[in-house]
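Keep in mind the model is a prediction, meaning the values are calculated, not measured. Letters go in sequence order (proteins before strands), and every chain restarts at 1.
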Amino acid sequence: MFAQTLSHGCSSVFKRKPIFQTFSTRIITNRRAAEQKCLSLLSSCNSLSKLTQIHAHLLKSGLQTNPLVLTKFSSTSSHLNSIDYAASIIVTSSRTHLIFDAFLFNTIIRAYAQTDQSKHSAFFFYNLMLSHSIAPNKFTYPFLLKASAGLEELNLTKQIHGSGLKLGFDEDLYVQNTMVHAYSCCVEGIDIARKVFDEMPKSSPVSWSAMIGGYLRVGRSVDAIDMFRRMQVGGIKGDEVTMVSVLSACADLGALQLGRWVEFYIEKERIPKTVQVCNALVDMFAKCGDIVEAMRVFRNMKERNIVSWTSVIVGMAVQGHGKQAVTLFEEMKSHGVVPDDVAFIGLLTACSHAGMIREGCSYFNLMTREFGIVPKIEHYGCMVDLFSRAGQAKKALEFVQKMPIEPNSVIWRTLINVFWVQGDLEISESISKSLIGDEPMHESNYVLLSNIYAKMFRWEKKSKIRSLMEKKGIRKVPGCSMIELNDQIYEFVSGDKMKQQYEEIYKMVDEMGREMRRAGYVPTTSEVLLDIDEEDKEDALNLHSEKLAIAFALLNSPPGAPIRIVKNLRVCGDCHSATKFISKVYNREILVRDRKRFHRFRCGSCSCNDYW
DNA sequence: ATAGGGTTAG
């Protein structure tokens with residue numbers, strides 16, 4: 001097969017003679033031509049077997065010593081085994097002879113930097129390069145930084161930064177941009193990235209995108225948005241990559257108004273609406289709860305890929321629209337788009353949120369049977385969630401026991417929760433205890449166990465957990481509700497006396513309570529897992545960040561305007577019930593995005609049908 | 001030859 005390809009590839013130059021003979025004779029007489037030929041053969045080489053054959057042939061013909069050829073070897077394939085093969089030739093050759101140059105090393109360094117599994121090898125060749133007294137050039141640093149960024153090795157990045165600094169390559173804009181990116185890949189490096197960014201004499205949209213993307217990666221979406229605002233103020237135009245990052249930040253924060261503005265900006269500035277930009281728009285609208293707009297963008301796309309489909313499917317899933325998610329999935333298949341493991345996670349989530357147990361099970365089986373996808377822990381997680389949400393604790397447990405892979409803490413927590421809901425507190429307690437043993441620093445494990453003890457009225461055990469947490473310095477994540485109003489994002493934390501309007505807000509909360517009671521609301525004091533009397537429990541419920549946010553929205557938005565709230569935790573039972581009453585009493589549509597899904601409250605009921 | 005980006009169970 002190789003000989004065929006080779007002779008076919010050579011046919012125009014070497015017409016009659018057999019290929020191997022051609023090579024050896026020509027090399028002696030016309031080395032340069034043979035080199036050229038070999039290089040062009042390597043250009044079309046896309047498998048390890050071809051590579052090894054070309055190499056074997058080269059050995060015969062004496063061309064292996066040529067650095068140019070070796071360079072081509074390294075850049076020829078993105079497959080790890082081909083890169084390793086090229087690497088081994090370079091290592092061997094470097095022991096014996098030759099005039100290696102920076103170009104050669106850059107190529108192999110770049111090849112390794114682009115792999116997922118073997119980025120460390122890039123540094124091996126960097127050191128080999130130095131040991132041969134070959135000076136790195138300005139191209140070497142972006143490659144090294146790329147490798148270091150992927151490894152999330154802050155110290156490595158610092159070292160490269162230092163060496164680049166000494167050689168003066170840090171003045172190159174490319175190097176600076178990659179530097180910002182590499183630093184921003186580590187949570188502890190993000191502020192250094194910002195410092196590098198701030199000290200850059202010049203910047204490009206790439207620099208800004210690197211910074212915005214960095215803030216996004218470490219979960220600082222507010223800072224990401226702030227960077228974008230700074231761009232606007234500075235009159236710097238972003239490009240399509242910037243837009244993708246900014247839209248991602250909007251999606252994360254649930255900032256619909258800003259997201260809409262970004263879409264407008266894309267139109268106005270004629271930023272190319274690439275597939276990725278449209279996918280980001282779809283995802284932004286979906287995560288902001290505007291599934292209609294998400295579908296509009298999706299339907300208008302000229303080209304859609306698996307990510308586009310998955311985005312709308314997940315969008316439907318978080319709205320609890322299981323049927324539509326399934327319909328979209330089937331439509332996707334009929335368009336010839338092959339679902340991947342992520343698409344199945346979306347689909348299974350949709351089934352789980354909508355209580356579609358039968359469909360969920362059948363798709364889970366189909367995934368492996370028809371598409372050969374081996375279920376990952378996430379897929380098993382979806383299934384455990386599917387049974388658990390439907391209250392089938394026993395089935396969920398059986399499923400876990402039959403799983404071929406080890407369940408992880410997410411799955412255990414799902415089980416703890418379902419047994420807790422069903423009042424099977426002993427099982428919950430025992431799983432919970434062993435989980436704390438496995439993950440002693442994970443905050444939610446303690447919260448779960450503490451809730452279990454509260455429900456058992458074992459207050460002394462509960463307070464023990466609390467002091468254990470204190471001793472280990474583990475803090476409960478405070479509940480927080482966000483609301484976007486007139487281009488501003490407001491944050492409310494439970495019981496927080498915020499800077500502005502707090503007296504008015506607390507008054508409003510009281511008024512809401514009275515109006516709700518008149519409509520039949522009864523506070524769910526059993527939700528308050530504290531050893532205090534009933535009246536104090538009611539007060540504690542009123543301090544929940546969600547109620548504060550709603551009060552704030554009622555005070556500051558026109559009557560009848562819909563209210564949109566984004567929470568960092570799941571909505572509690574009492575807030576869920578209260579919000580239903582508020583939607584009716586105040587005649588408002590209230591959309592709450594919780595940690596996992598949307599609740600659309602209208603006229604006294606919720607779109608989740610109390611299934612969440 | 002060089003840089004930044006979209007979907008993922010609770």
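For A:R595, there are no salt bridge (charged side-chain N to carboxylate O under 4.0 Å, His left out) partners, not counting sequence neighbours. A search for ring pair (Phe, Tyr, Trp, His ring centres under 6.0 Å) contacts involving A:Y446 returns nothing, not counting sequence neighbours. In terms of the salt bridge (charged side-chain N to carboxylate O under 4.0 Å, His left out) criterion, residue partners of A:K138 (sequence neighbours excluded) are, by chain and number, A:D172. Judged as a side chain to side chain donor-acceptor pair (under 3.5 Å), and not counting sequence neighbours, A:W309 has no contacts.
Atoms CZ (A:F169) and C1' (B:dA1) sit 14 Å apart, rounded to a whole Å. Computed from coordinates, the A:D172 CG to B:dA1 P distance equals 15 Å when rounded to whole Å. Separating the OH atom of A:Y126 from the C1' atom of B:dT2 is a distance of 16 Å, rounded to the nearest angstrom. Atom CD1 in A:I160 sits roughly 14 Å away from atom P in B:dA3 (whole-Å rounding). A:N417 has its CG atom 12 Å from the P atom of B:dG10, to the nearest Å. For the pair A:I306 CD1 and B:dT8 P, the interatomic distance rounds to 13 Å; values are reported in whole Å. Following rounding to the nearest Å, A:K138 (NZ) and B:dA3 (P) show an atom-to-atom distance of 13 Å. The nearest whole Å value for the distance from the CE atom in A:M211 to the C1' atom in B:dA3 is 15 Å.
Note on A:H353: every side-chain N or O is 4.0 Å or more away from OP1 and OP2 of B:dA9. A close approach under 4.0 Å does not occur between any side-chain nitrogen or oxygen of A:H379 and OP1 or OP2 of B:dT8. Close to B:dT8, at under 4.0 Å from its OP1 or OP2, lies a side-chain N or O of A:K287. The side chain of A:H181 places an N or O atom within less than 4.0 Å of a non-bridging phosphate oxygen (OP1 or OP2) of B:dG4. Side-chain nitrogen and oxygen atoms of A:K146 include at least one within less than 4.0 Å of the OP1 or OP2 phosphate oxygen of B:dA3.
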Apply ring-ring contact (aromatic ring centres under 6.0 Å, His included) to A:W208 and A:F197, showing your working.
CA-CA 8 Å; A:W208 288 88; A:F197 176 89; 4.9 Å; yes
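Ranking B:dG10, B:dG5, B:dA1 by closeness to the A:V277 side chain, first place goes to B:dG5. Of all nucleotides listed (B:dA1, B:dT7, B:dG10), B:dT7 comes nearest to the side chain of A:D283. Nearest nucleotide to the A:D385 side chain, out of B:dT7, B:dG10, B:dG4: B:dG10. Listed nucleotides B:dA1, B:dG4, B:dA3 differ in distance to A:N137; the shortest reach to its side chain belongs to B:dA1. Of the candidate nucleotides B:dT8, B:dG4, B:dA3, B:dA3 has the atom lying nearest to any side-chain atom of A:N177. For A:I345, the listed nucleotide lying nearest its side chain is B:dA9; candidates were B:dG5, B:dA3, B:dA9.
Contact of A:T414 with B:dG10 (side chain to base): no donor-acceptor pair of N or O atoms is detected under 3.5 Å.
A perpendicular orientation is assigned to the rings of A:Y126 and A:Y141, their planes being inclined by more than 60° (bins at 30° and 60°).
In this structure, the ring of A:Y380 has its center less than 6.0 angstrom from the ring center of A:F364.
The residue A:N305 sits close to a base: some heavy atom pair falls under 4.0 Å. The residue A:E240 sits close to a base: some heavy atom pair falls under 4.0 Å. At the heavy-atom level, A:R389 lies under 4.0 Å from the strands shown only through sugar-phosphate atoms. Within 4.0 Å of A:V275, counting heavy atoms only, lies at least one base atom of the nucleic acid. Looking at heavy-atom distances under 4.0 Å, A:D239 makes contact with a base. Note on A:L348: nothing from the nucleic acid sits closer than 4.0 angstrom, heavy atoms only. The residue A:R217 sits close only to the backbone: its heavy atoms come under 4.0 Å of sugar-phosphate atoms, none of a base. Within the 4.0 angstrom heavy-atom criterion, only backbone atoms of the sugar-phosphate kind lie near A:S248; the bases stay farther away. Contacts of A:T107 with the nucleic acid, taken as non-hydrogen atoms under 4.0 Å apart, are absent. Looking at heavy-atom distances under 4.0 Å, A:N106 makes contact with a base.
DNA chain B lies under 4.0 Å from at least one heavy atom of each of the following residues of residues 391-413 of chain A: A:N408, A:V410, A:R413.
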Going by atom type alone, with no hydrogens or angles, which donor-acceptor pairs under 3.5 Å involve a side-chain atom of residues 391-405 of chain A and a protein atom two or more places apart or on another chain?
none

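Using a 4.0 Å cut-off between charged nitrogen and carboxylate oxygen, A:K567 and A:E546 count as a salt-bridge pair.
Stacking of the aromatic ring of A:Y174 onto the base of B:dT2 is found: the ring centres lie under 5.5 Å apart and the planes are inclined by under 30°. Stacking of the aromatic ring of A:W208 onto the base of B:dG4 is not found under the criterion of centres within 5.5 Å and planes under 30°.
The only option from A:V418, A:I411, A:I416 that meets the side-chain contact (heavy atoms from CB on, under 4.5 Å) definition with A:S388 turns out to be A:V418.
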